Amino acid sequence: MSDYTVLVVDDEKDMRTLIEMYLLNSGYHCLQAQDGEEAIRCLEHATVDLILLDIMMPQRDGFLVCEELRRKSDVPIIFVSAKGEEWDKVKGLKLGGDDYVVKPFNPGELMARVEAVLRRTGKKATLYTEQDVVKLGKIEVNQKARTVTINGQLINVTLKEFDLLLFLMRHKNQALSREQLLEHVWEGSYGSSLRTVDTHIKTLRMKLKEADYIQTVWGIGYKMGDEHFA
């Protein structure tokens, strides 16, 4: 018997039972949840190493559940859904899914995907703590998940945009020069152009929109304030 526990989230009981049978036959422990809320509660009370997540569920679909889970845990997620369009797969992966399997599926392929994801992650999933999250106004930055949300909605940022935002938030109300930002965010390895900082500030502001608390400090650089700066 494997040490891994897999949580199956699907509103169809027959599908949950079928997948559980495949998992048990492959040596995994298995838990079931009939919707997203039950899945989130399960994560708070049990150690889960992988989630098989359906998309078309009542109240909150699998995409919304994935967003919520990514704010709480780094547990690997494989979407298992009848939605087989390419844009569905892309959306699922962008939201933080690790793989995507289309129903009806081959049992052997599903178990191979499970094994591959567990082998790739190679660690126990963890719940994020309050110390992992930095909040300012409408913005919430999860340092471990490397996600940025505004009013609970996930926004897409690049690696350096994330690092820049996090550094500004950690030094709220502190005027930071372009040289400081270049040194700490890019670690001095992104060439020597200070325009790099300005360019990333500009794109970050466009993505933050109404949650843009970045202020220009003329003659110095930038700082993160407490409210929207028009």
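For reference, positions follow the sequence shown, starting with 1. Since the model is a prediction, treat every value here as computed from it, not as a measurement.
For Glu37, the side-chain contact (heavy atoms from CB on, under 4.5 Å) test picks out Asp35, Arg41, Gln59, Arg60, with sequence neighbours left out. Scored by the side-chain hydrogen bond (donor to acceptor under 3.5 Å, both in side chains) test, Gln32 finds Arg16, Glu20 as partners (sequence neighbours excluded). Take Lys138 and apply the side-chain contact (heavy atoms from CB on, under 4.5 Å) test, not counting sequence neighbours, and it matches Ile150, Asn151, Glu210, Ala211, Tyr213. Taking the salt bridge (Lys or Arg N to Asp or Glu O under 4.0 Å) definition, one finds that Arg113 meets it with Asp99, Glu109, sequence neighbours left out. The salt bridge (Lys or Arg N to Asp or Glu O under 4.0 Å) test applied to Glu161 returns Lys207, not counting sequence neighbours. Evaluation of the side-chain contact (heavy atoms from CB on, under 4.5 Å) rule for Lys94 yields Val90 as partners, not counting sequence neighbours. A search for side-chain contact (heavy atoms from CB on, under 4.5 Å) contacts involving Asp11 returns Asp54, Met57, Pro58, not counting sequence neighbours. Phe105 is linked by a ring pair (Phe, Tyr, Trp, His ring centres under 6.0 Å) to nothing, counting only residues two or more places apart in sequence or in another chain. Take Tyr100 and apply the ring pair (Phe, Tyr, Trp, His ring centres under 6.0 Å) test, not counting sequence neighbours, and it matches Phe79. In terms of the salt bridge (Lys or Arg N to Asp or Glu O under 4.0 Å) criterion, residue partners of Glu140 (sequence neighbours excluded) are, by chain and number, Lys135.
The aromatic rings of Phe63 and Trp87 lie tilted to each other, with the angle between the two planes from 30° to 60°.
Here the options are Thr158, Ile214, Val185, Val157, the test is side-chain contact (heavy atoms from CB on, under 4.5 Å), and the partner is Leu164; only Val185 passes.
Sorted pairs that involve residues 137-163 and meet ring-ring contact (aromatic ring centres under 6.0 Å, His included), not counting sequence neighbours, are lacking altogether.
Val217 belongs to a hydrophobic cluster whose other members, connected by ILVMFWY side-chain contacts under 4.5 Å either directly or through intermediates, are Ile220.
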